[in-house]
Amino acid sequence: MPELPEVETTRRGIAPALEGRTIREVRVRERRLRWALPRGFEAELAGRRVLDVGRRAKYLLVRTDAGTLIVHLGMSGSLRVLPADTPALAHDHVDLVLDSGACVRFNDPRRFGSMHFVAGDPHEHKLLRTLAPEPLSDAFDGARLHARARRRKVAVKLFLMDARTVVGVGNIYASEALFRAGVSPRRAAGRLSREACERIAKAVKDVLADAIRVGGTTLRDYVNADGMPGYFRQKLYVYERAGEPCRVCGTPVRHCVQGQRSTYWCPHCQK
DNA sequence: ATGGGCACCTGGCTGC
DNA sequence: TGCAGCCAGGTGCCCA
């Protein structure tokens, strides 16, 4: 489900409800997330005051006065802000009940999402330590892309989705960024010119920023903290548009599978 | 190191 | 109507 724009939209939605609040109670209905929540998870979090809510790649970082809650939404997860007495529905696995009377509720049908509460610097956590730069930062640019792509045989789409290349680019935005850059998703990363890498880096930044602006992409179940979908789906050029005419040139959009994931591209606009 | 594939899990849709 | 089969916004880990 969520790629960087959806996670960032969620961050912006939950931050006002969490920041400065104390977590009064933690309700866990299902511990078996991607990694089972340890015994003592609730006790460690309860009573903590939230300082701020950050993000690294697709991880949300709820920083408290005594540790950081690291949340990943997996494929189907969402966090919503609700009145604490709202009855729980299917797949409502965890509630953070706040002293304001609100709660932040984690729902995740497929349970690929995760939560970790860690003391100390969350960026040193095993899951975050080796991540590439943020796509919207200056540390990610065409030069870095070009340097890292040298001699790599992987298809550029898989290369872009590798969190050691750049973070936050998932299956939708990889296809969309390559369309905007005019580069075929099947090109070997090592055969990209410096100019192509510059176009790709710019396209990644642009497509993510554009998606954040309209609250991300909802294909099936993504909702933001207010339960609302994102509206970027209407702006997708190729994703899930196999056989439909390219919005630029009219050529039917093509589909293939790379790394067991669907890829979409226009054979005329992308070389 | 790199590349390729599997695993984790539920639900919705398609086609017989 | 029922059900098998396939697909889905991610990513850690195992193998060659």
Side-chain angles (χ1 to χ4, degrees), chain A residues 1-11 29-37 55-60 70-79 89-93 106-116 125-132 135 147-177 186-191 204 207-208 210-212 214-224 228-242 255-264:
Chain A
M1 109 178 257
E3 302 184 38
L4 187 146
E6 295 74 41
V7 177
E8 177 60 21
T9 299
T10 296
R11 187 193 70 76
R29 300 182 194 81
E30 175 58 83
R31 319 191 75 81
R32 296 173 302 164
L33 307 184
R34 175 154 196 199
W35 291 282
L37 296 177
R55 179 187 59 72
R56 174 75 173 104
K58 297 172 192 166
Y59 293 94
L60 289 163
I70 303 174
V71 183
H72 198 289
L73 301 178
M75 287 280 263
S76 57
S78 61
L79 286 170
L89 301 176
H91 313 299
D92 283 341
H93 304 315
F106 177 68
N107 178 286
D108 185 8
R110 292 176 72 180
R111 286 191 276 123
F112 288 172
S114 64
M115 290 192 181
H116 296 269
H125 188 271
K126 187 182 178 202
L127 294 173
L128 308 194
R129 209 167 38 202
T130 59
L131 294 174
R148 291 199 63 93
R150 264 170 62 91
R151 287 191 291 268
R152 293 291 306 275
K153 291 179 182 173
V154 273
V156 58
K157 189 216 177 198
L158 297 177
F159 177 68
L160 269 188
M161 290 176 68
D162 185 337
R164 291 164 301 185
T165 303
V166 62
V167 299
V169 181
N171 205 38
I172 298 177
Y173 300 110
S175 281
E176 292 297 311
R186 304 207 277 193
R187 282 262 294 276
R191 302 194 60 180
V204 165
V207 74
L208 295 178
D210 288 352
I212 290 170
V214 295
T217 301
T218 297
L219 295 175
R220 286 160 261 278
D221 35 29
Y222 171 74
V223 289
N224 67 17
M228 299 296 289
Y231 298 104
F232 197 70
R233 190 175 191 177
Q234 306 156 227
K235 310 217 178 172
L236 298 175
Y237 283 97
V238 289
Y239 192 81
E240 283 196 335
R241 295 195 62 242
H255 168 265
C256 72
V257 174
Q258 296 179 290
Q260 301 106 240
R261 315 293 300 278
S262 278
T263 296
Y264 302 86

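Note that these values count all heavy atoms, side chains included, but never hydrogens, waters or copies made by symmetry. Here is how names work: the chains are called A, B, and so on, in the same order as the sequence lines, proteins then strands, and each is numbered from 1.
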In this structure, how many angstroms lie between the P atom of B:dG4 and the CG atom of A:D162, rounded?
12 Å

Considering all heavy atoms of both residues, which atom of A:L236 and which atom of A:R241 are nearest to each other, and what is their separation?
O-CD, 3.8 Å

Can you tell me if the side-chain N/O atoms of A:R261 get under 4.0 Å from OP1 or OP2 in C:dG10?
yes

Give, for atom CE of A:M161 and atom CD of A:E3, the distance between the pair rounded to the nearest 0.5 Å.
7.0 Å

So, OP1 or OP2 of C:dA8: does either fall under 4.0 Å of a side-chain N or O from A:S262?
yes

Could you tell me whether the side chain of A:R110 has a donor or acceptor atom within less than 3.5 Å of a complementary atom in the base of B:dC9?
yes

Length of the line joining A:L4:CG and C:dT11:C1', which is rounded to integer Å
15 Å

What integer distance in Å separates A:E30:CD from B:dT10:C1'?
12 Å

A:R152 side chain, from C-beta outward: closest of C:dG10, C:dG12, B:dG3:
B:dG3

For A:K235, is there an ion pair with A:E176 - N to carboxylate O distance below 4.0 angstrom?
no

Send over the distance from A:M161 CE to C:dG12 P, rounded to a whole Å.
13 Å

Rounded to the nearest 0.5 Å, what's the gap from CZ on A:F106 to CG on A:L60? Could you check?
10.0 Å

Contact nearer the 5' end of DNA chain C, comparing A:K58 with A:K126:
A:K58

Are any of the side-chain nitrogens in A:E6 or A:R220 under 4.0 Å away from the carboxylate oxygens of its partner?
no

Nearest to the side chain of A:H91 - B:dT10, C:dA8, B:dG5?
B:dT10

For A:R34, which contact category applies under a 4.0 Å heavy-atom criterion: base, sugar-phosphate, or nothing?
base

For DNA chain C, please output the secondary structure as dot-bracket, reading 5' to 3'. Pairs are Watson-Crick or G-U wobble, both atom distances under 3.5 Å; mark crossing pairs with [ ], other-strand partners with |, unpaired with a dot.
.|||||||.|||||||

When rounded to whole Å, the CZ to C1' distance for the pair A:R164 and C:dC13 reads 12 Å

Please tell me which of A:K153 and A:A90 maps to the more 5' nucleotide of DNA chain B, matching each residue to the nucleotide holding its nearest heavy atom.
A:K153

Examine the side chains of A:Y173 and A:T217 and answer whether a donor and an acceptor come within less than 3.5 Å of each other.
yes

Rounded to whole Å, please give me the gap between CZ in A:R129 and P in C:dG12.
12 Å

Length of the line joining A:H116:NE2 and C:dG12:C1', which is rounded to integer Å:
11 Å

Which part of the nucleic acid, if any, lies within reach of A:F159 when heavy atoms closer than 4.0 Å are counted: base, sugar-phosphate only, or nothing?
nothing

What is the distance from CZ of A:R220 to P of B:dT10, rounded to the nearest Å?
18 Å

Minimum-distance pair of heavy atoms, taken over all atoms of A:A174 and A:K157
CB-CG, 3.9 Å

With a 4.0 Å cut-off on heavy atoms, is A:L127 in touch with a base, just the backbone sugar-phosphate, or nothing at all?
sugar-phosphate

Is A:F112 stacked on the base of B:dC9, with ring centres under 5.5 Å apart and planes under 30° apart?
no

Mind checking the P distance from B:dA1 to C:dT11? Whole angstroms is fine.
22 Å

Is it the case that A:H255 and A:T263 place a side-chain donor and acceptor less than 3.5 Å from each other?
no

